Amino acid sequence: MLFNSITFLVFLVITVSLYWVLPSRARLSMIFIASLAFYGFWRVEFLPVMLASVLIDYFAAQKIFLVKEQAKKKIWLYLSLTINLGLLFYFKYLIFVAENIISLGSLLGIEAGPILLNIVLPLGISFYTFQTISYTIDVYRGVIEPEKDFLTYASFVTFFPQLVAGPVLRAIEVIPQLTNRPKFQWSNIAFGLQRIIFGLFLKVVLADSLGPIVDDAFSQNISSYGAIDILTIAFLFGFQIYFDFSAYSHIAIGTARMMGIYFPENFNFPYLACSPKDFWKRWHISLSSWIRDYVYLPLTGTKFHDRSIGGLASGTTDNKVKALLLTWAIMGLWHGAAWTFLVWGLYHAFAILTYRVVLKFGRSLPQAIQYYGGILVTLPFMMLGWIPFRAESLETCFLMYSKFFSPASYFSLGLRENIYLVAAFLLLSTFFARLVQKIFVPWLNKNKILSIITESFFFAVVITFCVIYLRSSNQFIYFQF
């Protein structure tokens with residue numbers, strides 16, 4: 001079931017209404033059943049895979065908590081990790097690994113037959129696998145006690161607003177909210193509706209309108225493009241994936257808030273970051289903080305956090321190059337079973353390592369120069385990082401990057417004029433939106449009547465555009481991960 005569909009809007013009205021009228025136990029049952037229906041609307045045959053992950057980690061966490069010997073705790077933890085990561089490997093990476101083994105064998109003169117496996121990647125498996133893994137690890141670390149009630153735990157893992165594409169939630173953030181329903185407040189309904197409407201606008205009006213432009217640009221002969229063309233294309237896809245993914249997060253956060261449940265924010269104007277470190281405090285915050293606490297910090301021996309805050313580059317000042325490279329390799333391959341995603345991960349590792357070196361020489365500069373100069377350098381560097389994320393092959397990826405090392409390519413333009421204008425408009429709109437949020441909104445909130453009039457007009461325009469552009473055929477980009 002897609003967020004950008006009439007079906008979901010009907011489903012949302014029914015679910016939220018039942019949530020507030022049902023008693024406590026029935027409410028949890030409703031959430032669990034509704035979440036299974038939401039997921040099963042896509043492919044019902046993959047429900048057992050998700051439920052297997054839920055069951056495994058529920059019982060593993062109980063055993064980890066009950067046994068006294070540390071060695072036995074580790075056995076149950078490793079069992080949980082092995083099964084969860086095994087399922088993820090089978091569905092997401094088995095064909096990729098097999099194809100590369102066959103290719104390597106071919107180079108060595110060993111011929112093998114074609115791969116006959118036809119494996120369909122279950123929707124959202126990367127997200128709910130990370131969520132269940134963090135639960136058992138937190139129980140092992142003593143951060144939380146295991147949830148005794150299976151229905152509560154199952155509702156946490158399968159909770160439909162975040163099930164398919166995050167945010168990646170932690171038990172300590174959500175389970176207490178499921179067990180203690182807050183009082184009904186119209187302010188939560190209003191806030192949730194606003195976030196959902198704004199999310200739909202970002203998706204159906206902006207992201208889906210950029211999609212055909214980006215697809216067409218990547219389908220053309222890349223060798224005919226100049227360096228400015230490649231930069232423009234990178235910016236356009238950067239905005240497309242930002243609008244698309246932040247839209248999902250807005251709708252997920254808004255849907256949960258309509259039920260009085262608070263999700264952590266997942267984006268915070270990432271394209272106005274003043275450094276790669278700052279970017280990963282602002283982009284996909286729940287995933288970057290998850291990778292930090294469950295991969296990077298353990299590799300460096302540094303204390304972990306227990307909340308979805310911060311970002312991948314925060315938490316330690318040690319220059320652990322190997323840990324950083326390994327973490328980013330995992331981060332890249334988590335997004336997809338392709339070498340291009342590995343390149344994407346290592347690109348960001350290089351960005352952070354470079355920033356750590358440059359930072360030593362830039363600390364003496366005035367704060368304003370560090371901040372605004374940092375934005376001017378960070379923005380194009382992060383946008384160019386989207387090339388391997390979107391490119392169909394390593395050959396295409398490296399061909400696009402090679403344009404920046406050819407002086408002559410800076411003097412040729414191969415795109416239509418309006419595409420450059422679209423990219424420039426979106427870039428200016430990003431800075432304008434930040435100014436509105438930081439200056440105009442606080443001023444407007446001082447005048448209640450004017451604030452109501454302005455918000456009403458704004459959402460009337462947004463809703464009108466959503467109705468005009470709404471179509472359910474375009475799924476979210478992160479569904480493939």
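Values in this document were obtained by computation on a predicted structure and should not be read as measured data.
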A.B. asks: With under 30° as parallel and over 60° as perpendicular, where do the rings of Trp283 and Trp280 fit, or are they tilted in between?
C.D. replies: perpendicular

A.B. asks: Could I get the full list of side-chain contact (heavy atoms from CB on, under 4.5 Å) partners for Ser429, not counting sequence neighbours?
C.D. replies: Phe425

A.B. asks: Quick test of your reading of the model: are Glu265 and Arg195 salt-bridged, counting only N-O distances below 4.0 Å?
C.D. replies: yes

A.B. asks: Can you confirm whether or not the ring centre of Phe127 sits under 6.0 Å from the ring centre of Trp334?
C.D. replies: yes

A.B. asks: With sequence neighbours excluded, tell me which residues meet side-chain contact (heavy atoms from CB on, under 4.5 Å) with Leu47.
C.D. replies: Leu36, Tyr39, Val44, Met50

A.B. asks: Answer yes or no: does atom CD of Gln437 have more than 12 heavy-atom neighbours from other residues, nucleotides or ligands under 6.0 Å?
C.D. replies: yes

A.B. asks: Please table the atom pairs, donor to acceptor, closer than 3.5 Å between any side-chain atom in residues 458-469 and protein atoms at least two apart or in another chain.
C.D. replies:
residue : atom : partner : partner atom : Å
Thr464  : OG1  : Ala460  : O            : 2.7

A.B. asks: Looking at Tyr225 and Gly414, would you say the former's side chain and the latter's main chain have a donor-acceptor pair under 3.5 Å?
C.D. replies: no

A.B. asks: Is there a donor-acceptor contact under 3.5 Å from the side chain of Asp244 to the main chain of Ile241?
C.D. replies: no

A.B. asks: Is there a donor-acceptor pair closer than 3.5 Å between any side-chain N or O of Ser286 and the backbone N or O of Pro167?
C.D. replies: no

A.B. asks: Taking ring pair (Phe, Tyr, Trp, His ring centres under 6.0 Å) as the test, write out the residues that go with His284, two or more places apart.
C.D. replies: Phe245, Tyr478

A.B. asks: Does Phe381 have any ring pair (Phe, Tyr, Trp, His ring centres under 6.0 Å) partners at least two apart in sequence or in another chain, and if so, which?
C.D. replies: Tyr347

A.B. asks: Do Thr454 side-chain atoms and Ser451 backbone N/O form a donor-acceptor pair below 3.5 Å?
C.D. replies: no

A.B. asks: With sequence neighbours left out, what residues match Ser406 under side-chain contact (heavy atoms from CB on, under 4.5 Å)?
C.D. replies: Ala408, Ser409

A.B. asks: Under 4.0 Å between a Lys/Arg side-chain N and an Asp/Glu carboxylate O for Asp229 and Lys403?
C.D. replies: no

